[in-house]
Enquirer: 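Pasting in a structure now, in structure tokens, and then I'll have a few things to ask.
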Number of protein chains: 2
Amino acid sequence: MDAGDEGQLVKEWHDLVVRHAVVHQSLERELQARHGIGVSEFEALEALACSENTQCRAQDLTDVVHLSQSAASRLIARMEREGFLERALCEADRRGILVVLTDEGRERHLEAQPTHRSVLARTLRETG
Amino acid sequence: MDAGDEGQLVKEWHDLVVRHAVVHQSLERELQARHGIGVSEFEALEALACSENTQCRAQDLTDVVHLSQSAASRLIARMEREGFLERALCEADRRGILVVLTDEGRERHLEAQPTHRSVLARTLRETG
DNA sequence: GTATATAAAATGCAAGCGCATCTAATGCAT
DNA sequence: ATGCATTAGATGCGCTTGCATTTTATATAC
């Protein structure tokens with residue numbers, strides 16, 4: 001790796017960070033303002049909505065939201081408190097839990113999806 | 001915007017998020033483990049090291065680190081406490097402060113830079 | 001069967017974050 | 001010069017985060 005490669009690498013990372021920050025901050029702001037949910041909540045809702053039977057293992061959600069295991073556990077607890085999902089015992093492996101989308105959760109996802117897409121369309125295009 | 005465009009947009013954002021998460025988490029882990037600093041601290045150190053006279057306005061640092069004004073203010077306070085930089089009155093505009101890199105800060109940056117670059121080389125390449 | 005290692009999820013805790021607000025300095029219009 | 005809107009930065013507050021640990025269930029070895 002010569003100096004030019006290194007400069008290229010740093011520039012590539014910098015561009016990625018800026019792009020991510022712009023889109024993520026816009027998403028957070030608009031999802032919060034219009035629908036009262038954050039980016040992580042939306043990602044979890046979307047993952048559930050796209051899962052078979054609108055349910056999945058807690059661990060699968062952890063991967064989706066790019067959070068630590070503990071943060072994901074609390075995210076699920078929060079969303080259950082708000083009525084977006086329910087926790088159910090997982091018969092196949094009784095250490096785990098099954099996270100199930102509620103009707104309320106499905107509605108909220110459908111409401112928020114257009115906002116999500118329009119923010120992506122605007123911010124991803126404007127940042128090249 | 002038709003359905004295909006929308007799917008493309010979502011995929012593009014998803015790829016960006018994954019790429020960002022992989023690189024950022026690796027950077028955070030390795031910078032913390034080897035040098036006792038986080039990504040934000042490194043970004044601030046690098047911005048200062050590359051500034052004229054290794055100093056700049058607090059606001060300039062705020063832009064660099066992609067944090068809120070308050071978070072950046074506390075980041076500067078933390079880094080001052082750790083001896084990486086000093087706050088000085090800004091004579092040109094006495095509302096503001098001038099952030100000045102210390103020798104200690106310069107050293108830490110030089111130590112951490114190779115780690116930073118090697119993580120980028122590894123993770124950016126491996127994620128395509 | 002019993003012990004041991006591993007895995008899933010929950011939780012105590014300290015630290016960092018953003019929002020709203022506050023203080024102090026500046027700029028601008030009258 | 002005086003008053004009002006604006007800007008830089010600091011801070012109180014509540015929430016979210018990650019780390020480390022605990023609890024409960026599973027799998028493996030003996």
Side-chain angles (χ1 to χ4, degrees), chain A residues 17 20-22 24-34 36-44 48 55-82 84-100, chain B residues 17 20-22 24-33 36-44 47-48 55-82 84-100:
Chain A
V17 166
H20 181 271
V22 167
H24 192 270
Q25 283 170 21
S26 300
L27 274 178
E28 189 70 42
R29 197 170 339 114
E30 297 214 19
L31 286 174
Q32 199 59 251
R34 297 196 201 170
I37 62 176
V39 174
S40 294
E41 279 81 1
F42 180 83
E43 281 171 339
L48 278 170
Q55 66 180 42
C56 70
R57 291 288 301 267
Q59 198 175 23
D60 301 331
L61 275 189
T62 302
D63 299 336
V64 166
V65 295
H66 302 293
L67 291 177
S68 67
Q69 181 271 321
S70 65
S73 172
R74 289 180 220 267
L75 173 67
I76 291 171
R78 247 181 354 257
M79 292 179 71
E80 182 175 42
R81 230 178 294 130
E82 296 171 77
F84 296 158
L85 53 81
E86 277 169 4
R87 279 187 275 206
L89 290 177
C90 181
E91 293 306 326
D93 181 349
R94 290 170 51 220
R95 289 170 300 184
I97 61 166
L98 215 53
V99 178
V100 187
Chain B
V17 165
H20 181 271
V22 168
H24 192 271
Q25 283 169 22
S26 300
L27 274 178
E28 189 69 43
R29 200 173 332 118
E30 295 214 20
L31 286 174
Q32 200 59 252
I37 61 176
V39 174
S40 295
E41 279 81 1
F42 180 84
E43 282 172 338
L48 278 170
Q55 66 180 42
C56 69
R57 290 289 300 268
Q59 198 174 23
D60 301 331
L61 275 190
T62 302
D63 299 336
V64 167
V65 295
H66 301 292
L67 292 177
S68 68
Q69 182 272 319
S70 66
S73 173
R74 289 181 220 265
L75 173 67
I76 292 172
R78 245 180 358 254
M79 291 179 72
E80 183 175 41
R81 228 179 294 130
E82 295 172 82
F84 295 158
L85 53 82
E86 278 169 3
R87 278 186 276 205
L89 290 178
C90 179
E91 293 305 327
D93 181 348
R94 291 169 51 219
R95 289 170 300 185
I97 62 166
L98 216 54
V99 179
V100 187

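Every chain is numbered from 1, with letters handed out A, B, ... down the list of sequences.
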Enquirer: Respond yes when some side-chain nitrogen or oxygen of A:Ser70 is under 4.0 Å from OP1 or OP2 of D:dG18, and no when none is.
Expert: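 Answer is no, no contact under 4.0 Å.
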Enquirer: Indicate yes or no: at least one non-hydrogen side-chain atom of B:Phe84 is less than 4.5 angstrom from one of B:Ile37.
Expert: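 Contact flag for B:Phe84/B:Ile37 side chains = yes.
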Enquirer: Between P on D:dT11 and CD on B:Glu80, what's the gap in Å once rounded to a whole number?
Expert: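 After rounding, the gap between these two atoms is 11 Å.
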Enquirer: Can you check the A:Gln32 CD to D:dG14 P distance for me, whole Å?
Expert: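 Interatomic distance, CD of A:Gln32 to P of D:dG14: 18 Å.
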Enquirer: Mapping A:Leu75 and A:Ala92 to their closest nucleotides on DNA chain D, which lands nearer the 5' end?
Expert: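 The residue closer to the strand's 5' end, by nearest nucleotide, is A:Leu75.
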Enquirer: Rounded to whole Å, how long is the line connecting atom CZ of A:Arg29 with atom C1' of C:dG18?
Expert: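 From A:Arg29 CZ to C:dG18 C1': 12 Å.
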Enquirer: Can you tell me if the side-chain N/O atoms of B:Ser73 get under 4.0 Å from OP1 or OP2 in D:dA10?
Expert: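 Yes, B:Ser73 has a side-chain N/O under 4.0 Å of OP1/OP2 on D:dA10.
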Enquirer: Below 4.0 angstrom from OP1 or OP2 of D:dG9, is there any side-chain N or O of B:Arg87?
Expert: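 Checking B:Arg87 against D:dG9: no side-chain N or O falls below 4.0 Å of OP1 or OP2.
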Enquirer: Would you mind reading off the distance between B:Arg81 atom CZ and D:dA10 atom P, rounded to a whole angstrom?
Expert: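 That distance rounds to 12 Å.
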Enquirer: Heavy atoms only: give me the nearest B:Ala44-B:Met79 pair and the separation to one decimal.
Expert: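 For B:Ala44 versus B:Met79, the nearest heavy atoms are CB-SD, 3.8 Å.
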Enquirer: Below 3.5 Å, does any donor atom in the side chain of A:Arg74 face an acceptor in the base of D:dT16, or the other way round?
Expert: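 There is none.
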Enquirer: What is the distance from CZ of A:Arg94 to C1' of C:dT6, rounded to the nearest Å?
Expert: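 For the pair A:Arg94 CZ and C:dT6 C1', the rounded distance is 18 Å.
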Enquirer: Quick check on D:dA8: is either OP1 or OP2 less than 4.0 Å from any side-chain nitrogen or oxygen of B:Gln59?
Expert: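 Looking at the OP1 and OP2 atoms of D:dA8, one of them is under 4.0 Å from a side-chain N or O of B:Gln59.
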Enquirer: Distance criterion of 3.5 Å, no angle test: do you see the side chain of A:Gln69 paired donor-to-acceptor with the base of C:dA8?
Expert: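 No such pair is found, so the answer is no.
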Enquirer: Side chains of B:Leu98 and B:Arg57: does their closest heavy-atom pair fall under 4.5 Å?
Expert: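 Counting from C-beta outward, B:Leu98 and B:Arg57 do come under 4.5 Å.
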Enquirer: Tell me which nucleotide among D:dG9, C:dC17, D:dG18 gets nearest to the side chain of B:Ala71.
Expert: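 Side chain of B:Ala71 sits closest to C:dC17.
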Enquirer: I want to check something: taking the side chain as every heavy atom from C-beta on, are A:Leu75 and A:Arg78 in contact at a cut-off of under 4.5 Å?
Expert: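 Sidechains of A:Arg78 and A:Leu75: in contact.
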Enquirer: Is the shortest side-chain N/O distance from A:Arg78 to OP1 or OP2 of D:dT17 below 4.0 Å?
Expert: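 A:Arg78 to D:dT17 OP1/OP2: side-chain N or O found under 4.0 Å.
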Enquirer: So which atom in B:Val64 and which in B:Glu43 form the shortest heavy-atom distance, rounded to 0.1 Å?
Expert: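 What the structure gives for the nearest pair is CG1-O, 3.9 Å.
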Enquirer: With DNA chain D as reference, determine whether B:Thr62 or A:Glu41 sits nearer its 5' end, using the nearest nucleotide of each.
Expert: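 Between the two, 5'-proximity favours B:Thr62.
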Enquirer: Which part of the nucleic acid does B:Ile76 contact within heavy-atom distance under 4.0 Å: base, sugar-phosphate only, or nothing?
Expert: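 Answer is nothing: B:Ile76 stays at 4.0 Å or more from every strand.
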Enquirer: Could you tell me how far apart A:Leu61 (CG) and C:dA8 (C1') are, to the nearest whole angstrom?
Expert: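 Nearest whole value for this atom pair: 14 Å.
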Enquirer: OP1 or OP2 of C:dA8 sitting under 4.0 Å from any side-chain N/O of A:Arg57?
Expert: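 Result: no.
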Enquirer: Mind calculating the distance between CG (A:Asp93) and P (C:dA7) to the nearest angstrom?
Expert: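 In whole Å, C:dA7 P lies 12 Å from A:Asp93 CG.
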Enquirer: In whole Å, I'd like the distance from the CG atom of A:Leu67 to the P atom of C:dA9.
Expert: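 From A:Leu67 CG to C:dA9 P: 15 Å.
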